[in-house]
2 protein chains.
Amino acid sequence: MARTAGSHSDITGPRIRDAALSLFARHGFAAVSMRQIAGAVGVQAGALYNYTPDKQSLLFDLMQRHMDHLLQAWDDEPTPATPLARLEHFTRFHIRYHLDKPDEVFIAYMELRNLSPENFAAIETLRRRYEDHLEGILSQGVRAGAFQLADARITTMAVIAMLTGVNTWYRPGGRLSADEVATIYWDMVRRSVGA
Amino acid sequence: MARTAGSHSDITGPRIRDAALSLFARHGFAAVSMRQIAGAVGVQAGALYNYTPDKQSLLFDLMQRHMDHLLQAWDDEPTPATPLARLEHFTRFHIRYHLDKPDEVFIAYMELRNLSPENFAAIETLRRRYEDHLEGILSQGVRAGAFQLADARITTMAVIAMLTGVNTWYRPGGRLSADEVATIYWDMVRRSVGA
DNA sequence: ACCCTATCTGAACACATGTTCAGATAGAAG
DNA sequence: CTTCTATCTGAACATGTGTTCAGATAGGGT
């Protein structure tokens, strides 16, 4: 073992992100040292600086990749015809995607305060863009008479909080499958928007 | 100023907790040093150890006080007659209480991973006790035929996540008052449990 | 007026932190 | 086989960390 030098840029880069992701998720950004990340990759701490200018940029990179990937994944989804079908599609997509990437989701919600103001603003913009997809579905549904709700923006925040909350308790191999959970949540979402 | 010694145990203690609470909420437990907390109180770092055996116990103390106070506050609330009225009461209580203590709530949700296993288990027990109050209301309502829902436990988690989510976006002085927000959320909760 | 003791200071301890960089090294290119 | 350069090591830097403790100090009790 102990590959000590050579060209591994395209291998070490992802491995650093993977290690940082899992360590940040488990212990928190501030509680994880660059030496711990390096140790998980099997490299010295100095080597990390071939891949990130500093620790904060590493965190930002992880968050930005997550948000970009999430937005891209949603863009790649089909668009059902009716507001009701669109809302169901969003609900199931959100739960499936978030259960698939618990570490990314955890970090993106918990480590915002460790971002510099500019980096924070950038992530918030992406998050807002994602929320707006749901708000758009709700607004369309209200105009079409399919939904009855007091405030599209507040309903958006409430629904997303409810759906993302699945990550706090769901564990694979538990009493219910991810699909069964999604069906139960869809039932609640559907009723809460007055459909 | 610069009181340098003397008997201030009953004044310094709360001031340390207040400073720690606000600093932990703003920057995170791991990112805040004992010297920062001491500085906010106007005291040297060593003096903190007259009030806590170590940093971790300080965090645990804050969390435990929060959960104890929350459970006590709910116990002090009246118990309406019907399941529907009880659920509305819980919804409004939860939002009001959580909007009143944003720092405590934030820490209790975000800093769990910085607790030792025993301390974590203790807080989780208290949290579960609080959740069980809501689950009890839902189960009673189902038995009484007032609610229609697939799974009382999952509905409990969904409702609590939705309600607690208010803290992520609500700011005093915004578009809506806390009472108006609570009314909108109560509408969603009521419909999502099939009442 | 005096002492007593709870409270706080200030310095020290051993170790961890993020980051830098000269020099070693290994794989690719010729 | 030689050269080149991207990649990594290992040590160093300045600063910060939680925690301890002998000694100073101030307010309360007598």
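Just so we're on the same page: letters track the sequence lines, and every chain starts at 1.
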Please list, chain by chain and in numerical order, all residues satisfying salt bridge (charged side-chain N to carboxylate O under 4.0 Å, His left out) with R128(B), sequence neighbours excluded.
-> D132(B)
Of all residues at least two apart in sequence or in a different chain, which pass the salt bridge (charged side-chain N to carboxylate O under 4.0 Å, His left out) check with E77(A)?
-> none
Dump the pairs, protein N or O against N or O of nucleotides 18-21 of chain C, anything under 3.5 Å, distances to one decimal.
{"unit_1": "dG18(C)", "atom_1": "OP1", "unit_2": "V32(A)", "atom_2": "O", "d": "3.4"}
{"unit_1": "dG18(C)", "atom_1": "OP1", "unit_2": "K55(A)", "atom_2": "NZ", "d": "3.0"}
{"unit_1": "dG18(C)", "atom_1": "OP2", "unit_2": "M34(A)", "atom_2": "N", "d": "2.9"}
{"unit_1": "dG18(C)", "atom_1": "N7", "unit_2": "R35(A)", "atom_2": "NH1", "d": "2.9"}
{"unit_1": "dG18(C)", "atom_1": "O6", "unit_2": "R35(A)", "atom_2": "NH2", "d": "3.0"}
{"unit_1": "dT19(C)", "atom_1": "OP2", "unit_2": "Y49(A)", "atom_2": "OH", "d": "2.7"}
{"unit_1": "dT19(C)", "atom_1": "OP2", "unit_2": "K55(A)", "atom_2": "N", "d": "2.9"}
{"unit_1": "dT19(C)", "atom_1": "O5'", "unit_2": "Y49(A)", "atom_2": "OH", "d": "3.3"}
{"unit_1": "dT19(C)", "atom_1": "O4", "unit_2": "R35(A)", "atom_2": "NH2", "d": "3.3"}

To the nearest Å, give me how far apart CD1 (I16(A)) and C1' (dC8(D)) are.
-> 11 Å
For dC8(C), take OP1 and OP2 only and decide whether either is under 4.0 Å from a side-chain N or O of T12(B).
-> yes
To the nearest Å, how far apart are N50(A) CG and dC8(D) P?
-> 6 Å
What integer distance in Å separates I37(A):CD1 from dA16(C):C1'?
-> 15 Å
Give the rounded distance in Å between these two atoms: CD of Q44(A) and P of dA22(C).
-> 18 Å
Determine, using ring centers only, whether Y130(A) and F90(A) are less than 6.0 Å apart.
-> yes
For N167(A), check side-chain contact (heavy atoms from CB on, under 4.5 Å) against everything at least two apart and list the hits.
-> H98(A), L99(A), P102(A), V105(A)
Of all residues at least two apart in sequence or in a different chain, which pass the ring pair (Phe, Tyr, Trp, His ring centres under 6.0 Å) check with H27(A)?
-> none
Residues in side-chain contact (heavy atoms from CB on, under 4.5 Å) with M110(A), at least two apart?
-> F106(A), M110(B), R113(B)
Could you give the CG-to-P distance, from L23(B) to dT17(D), as a whole number of Å?
-> 12 Å
Of all the nucleotides listed (dT7(C), dC8(D), dT9(C)), which has the minimum atom distance to the side chain of Y51(B)?
-> dT7(C)
